[in-house]
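Scope of the values below: all heavy atoms of this structure, side chains included, with no hydrogens, waters or symmetry mates. The sequence lines fix the lettering, A, B, ..., with proteins before strands; numbering per chain opens at 1.
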Amino acid sequence: MFFVLFSSKRCHLLVRGFHVGKHFSNPSTEDIVFKAICVNLRQRKWKLVDQMSSSLTDSIVSRVIREFRTSPELALEFFKWVGEYKSFSHSLESYCTVIHVLVNSRRYVDALSLMKNLMQTKGYSPLEVLETLVDSYEMCLSSPAVFDSLVRACTQIGATEGAFDVIKKLRMEGFGVSIHAWNNFLNHLLNFGEVGRFWMVYKEMVSLGYFENLHAFNLVIYAFCKECKLLEAISQFYRMSKGGIIANVVTFNMLIDGACKMGDIDLALKILRKMRVMTGDFVTPNSVTYNCLINGYCKLGRLSIAEEVQNEMVKIGIEPNLRTYATLIDGYSRNGSLEEAFRLCDDMVGRGLVPNTVVYNSIIHWLYLERDMAGASLLLSDMIKKHVCPDSFTYSILMKGLCRNGYINEALTYHKWILEKNLIEDDFSHNILINYLCKSKNIAGAKQLLGSMFIRGFIPDLSHIWYSN
DNA sequence: TTAGGGTTAG
């Protein structure tokens with residue numbers, strides 16, 4: 001019906017009028033366009049919606065999205081259609097409106113992707129996004145989960161300070177911060193190796209009266225494991241049990257992995273054997289549990305036991321995965337049994353698993369250490385042929401492999417090419433090359449690389465420079 | 001939320 005009205009000449013004039021002026025002189029005209037779009041959108045009559053597109057304003061876009069809050073897919077489709085096909089430049093308010101709608105319908109992946117786009121591509125700061133989310137909060141009948149999502153979006157793009165700014169601002173504004181947001185931030189700190197700051201933020205959270213949930217306890221156990229404080233980690237396990245929180249498989253896996261990393265494989269095995277009994281058959285081991293244990297045995301050089309553990313997992317119905325094989329292949333390689341490593345490669349391919357970058361990196365690394373240049377080159381060509389993408393590990397393995405076998409100039413040529421292609425993500429390759437250049441008394445070359453590190457924002461290890469000069 | 005691969009000095 002509304003379309004009929006708008007298909008007239010009069011409508012055409014109205015539409016032109018909307019397009020020229022940013023604000024409506026008559027609010028009811030906005031209502032007419034809004035309602036017309038809604039009617040046609042509801043019936044998926046995109047062609048008719050298209051005819052209204054020249055009359056779109058930020059206000060109408062946001063209103064339409066709110067109108068379709070119970071049909072989030074359609075709301076998102078409309079939002080994307082306007083942005084992509086009509087090249088309409090969405091305002092921050094429109095973005096936030098659709099984000100509220102998406103979070104409320106638990107479409108977190110889409111909401112996170114839009115938030116990340118706002119901060120990474122559009123250049124909005126986390127606090128600017130927060131402010132607009134707050135402004136549109138009530139009108140969108142939103143929930144605090146939207147703020148959790150913003151903290152998550154910040155941590156996902158590595159914006160540590162941004163995430164913490166959001167938490168601080170939410171507290172100041174009286175919105176409160178959910179335990180999920182705290183946990184997400186704490187997890188981010190651990191993943192970035194900031195254990196000291198983790199404990200500061202954790203203490204702050206506890207002092208504010210939050211009750212730790214399972215995830216929070218797991219993070220504390222994870223932090224203790226990272227600090228090699230296994231006894232403290234285990235004591236947290238008892239503290240959570242006392243508080244009525246039942247550990248899950250992640251809790252056990254972290255303790256098992258922690259024990260393995262500290263070389264106490266017997267304790268790791270004991271935990272594995274007791275986890276069912278301790279939880280009344282509530283928690284059973286999974287592939288992660290077994291992979292941790294296999295890795296523990298591999299690092300101790302006890303390869304035959306590692307394979308026995310693999311057989312046990314198969315027996316109880318847990319399929320070995322890519323990580324199981326990557327662990328065993330690396331275990332055999334670092335123990336000088338490359339033949340066994342290749343046997344496992346065949347085995348994994350036979351099971352339908354495709355060797356990835358990690359598997360190639362392991363074998364290439366140990367081939368170089370054995371001075372098998374031809375073998376390493378062959379595998380490098382093979383990974384390129386099979387479209388297995390090299391990563392920063394591959395490049396540093398290549399640099400080290402070439403240097404230690406006397407091919408420093410070739411390493412420098414490759415490094416230059418890798419830098420030109422912007423493929424380097426960390427400073428490992430630089431450090432390796434600088435070390436070998438210093439050893440061969442090529443201080444000018446080392447200094448040149450040092451400059452290249454600064455340009456890329458890598459912070460050199462100063463102790464090195466003292467030695468080389 | 002947990003599991004696999006790469007560096008230097010001595």
Side-chain angles (χ1 to χ4, degrees), chain A residues 152 155 179-180 182-191 212-223 225-226 233 247-258 260-261 268 283 285-296 298-299 306 309 313 318 320-334 341 344 348 353 355-366 368-369 383 388 390-401 403-404 424-439 446 453 458 460-468:
Chain A
R152 184 173 291 271
T155 57
I179 184 92
H180 308 294
W182 283 105
N183 285 342
N184 183 269
F185 185 63
L186 287 168
N187 181 53
H188 170 75
L189 291 176
L190 286 183
N191 284 336
E212 296 137 297
N213 60 7
L214 173 63
H215 189 186
F217 270 111
N218 279 349
L219 285 167
V220 172
I221 290 173
Y222 192 32
C225 287
K226 275 185 181 286
N248 65 0
V249 70
V250 177
T251 323
F252 283 100
N253 288 347
M254 287 188 301
L255 291 174
I256 289 170
D257 190 52
C260 288
K261 297 263 164 70
V283 180
N286 62 11
S287 58
V288 179
T289 323
Y290 278 96
N291 287 348
C292 292
L293 207 62
I294 289 169
N295 189 34
C298 283
K299 293 297 183 290
V309 175
M313 74 190 275
I318 302 168
N321 59 19
L322 198 56
R323 282 196 181 208
T324 318
Y325 279 99
T327 308
L328 282 165
I329 289 166
D330 182 69
Y332 274 117
S333 303
R334 69 174 61 228
L344 280 162
M348 72 182 283
L353 296 167
N356 65 358
T357 312
V358 176
V359 175
Y360 275 97
N361 285 350
S362 265
I363 302 179
I364 292 169
H365 174 68
W366 295 104
Y368 273 130
L369 283 186
M383 78 187 280
V388 178
D391 61 8
S392 289
F393 282 68
T394 322
Y395 299 129
S396 64
I397 288 166
L398 177 65
M399 292 309 124
K400 166 109 184 182
C403 286
R404 67 173 283 125
I424 295 258
E425 292 158 0
D426 58 31
D427 58 1
F428 273 57
S429 294
H430 277 96
N431 285 339
I432 293 165
L433 282 171
I434 288 174
N435 182 255
Y436 277 96
L437 284 171
C438 290
K439 273 184 186 166
M453 282 182 82
F458 299 137
D461 177 354
L462 287 179
S463 63
H464 249 88
I465 300 166
W466 288 115
Y467 279 113
S468 33

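- Residue contacts shown for A:Thr357 include a base, since a base heavy atom lies under 4.0 Å away.
- Residue-to-nucleotide contacts include no donor-acceptor pair under 3.5 Å from the side chain of A:Asn431 to the base of B:dT8.
- Using a 4.5 Å cut-off on side-chain heavy atoms (C-beta onward), A:Leu255 and A:Ile221 make contact.
- Distances from the side chain of A:Val358 to the nucleotides B:dT2, B:dG4, B:dA3 place B:dG4 closest.
- A:Asn218 comes within contact range of at least one nucleobase, with a heavy-atom separation under 4.0 Å.
- As rounded to whole Å, 5 Å separates atom P of B:dT2 from atom OH of A:Tyr222.
- A:Lys261 comes within 4.0 angstrom of sugar-phosphate atoms only, judged by non-hydrogen atoms across all strands, and of no base.
- Across all strands shown, A:Ile432 has heavy atoms under 4.0 Å from sugar-phosphate atoms exclusively, and none from any base.
- Between the P atom of B:dT8 and the CZ atom of A:Phe458 lies a distance of 17 Å, rounded to the nearest Å.
- As rounded to whole Å, 14 Å separates atom P of B:dG4 from atom CG of A:Asn286.
- Spacing between atom CG of A:Leu433 and atom C1' of B:dG6 amounts to 13 Å, rounded to whole angstrom units.
- The distance between atom CG of A:Asp391 and atom C1' of B:dG4, rounded to the nearest whole Å, is 12 Å.
- Residue A:Ser392 is classed as a base contact, given a heavy-atom separation below 4.0 Å to a base.
- At the phosphate of B:dT8, neither OP1 nor OP2 sits under 4.0 Å from any side-chain N or O atom of A:Lys439.
- Here the side chains of A:Thr394 and A:Ile397 are not in contact, with every heavy-atom distance at 4.5 Å or above.
- Residue A:His215 is in base contact, counting any heavy-atom pair closer than 4.0 Å across all strands shown.
- Distance check: A:Leu344 CG to A:Asp330 CG gives 11.5 Å after rounding to the nearest 0.5 Å.
- You'll find that the side chain of A:Asn435 is closest to B:dA9, out of B:dT2, B:dG4, B:dA9.
- Within 3.5 Å, no donor on the side chain of A:Asn248 pairs with an acceptor on the base of B:dT2, nor the reverse.
- Using a 4.5 Å cut-off on side-chain heavy atoms (C-beta onward), A:Asn253 and A:Asn286 make contact.
- Contacts of A:Arg334 with the nucleic acid, taken as non-hydrogen atoms under 4.0 Å apart, involve only primed sugar atoms and P, OP1 or OP2.
- The base of B:dA3 is paired with the side chain of A:Asn321 by a donor and an acceptor separated by under 3.5 Å.
- Looking at heavy-atom distances under 4.0 Å, A:Leu322 makes contact with a base.
- Look at A:Phe428 and the base of B:dG6; the rings stack, centres closer than 5.5 Å and planes less than 30° apart.
- Across all strands shown, A:Asn356 has heavy atoms under 4.0 Å from base atoms, whether or not it also approaches the sugar-phosphate.
- Residues satisfying the side chain to side chain contact (heavy atoms under 4.5 Å, CB included) criterion with A:Ile318, sequence neighbours excluded, are A:Ser287, A:Tyr290, A:Met313, A:Ile316.
- No hydrogens or angles were tested; on distance alone, nothing pairs the side chain of A:Thr327 with the base of B:dG4 as donor and acceptor under 3.5 Å.
- Between the OH atom of A:Tyr368 and the C1' atom of B:dG6 there is a distance of 13 Å, given to the nearest Å.
- In terms of modelled atom types and a separation under 3.5 Å, the side chain of A:Ser362 and the main chain of A:Val359 share no donor-acceptor contact.
- At B:dT1, none of the side-chain N or O atoms of A:Asn183 fall inside 4.0 Å of OP1 or OP2 (strictly under the cut-off).
- For A:Tyr395 and B:dT7, the OH to P distance is 18 Å, given to the nearest whole Å.
- For A:Tyr436 and B:dT7, the OH to P distance is 9 Å, given to the nearest whole Å.
- Judged as a side-chain hydrogen bond (donor to acceptor under 3.5 Å, both in side chains), and not counting sequence neighbours, A:Ser396 has no contacts.
- When each of B:dG4, B:dA3, B:dT1 is scored by its nearest atom to the side-chain atoms of A:Cys292, the top-ranked nucleotide is B:dA3.
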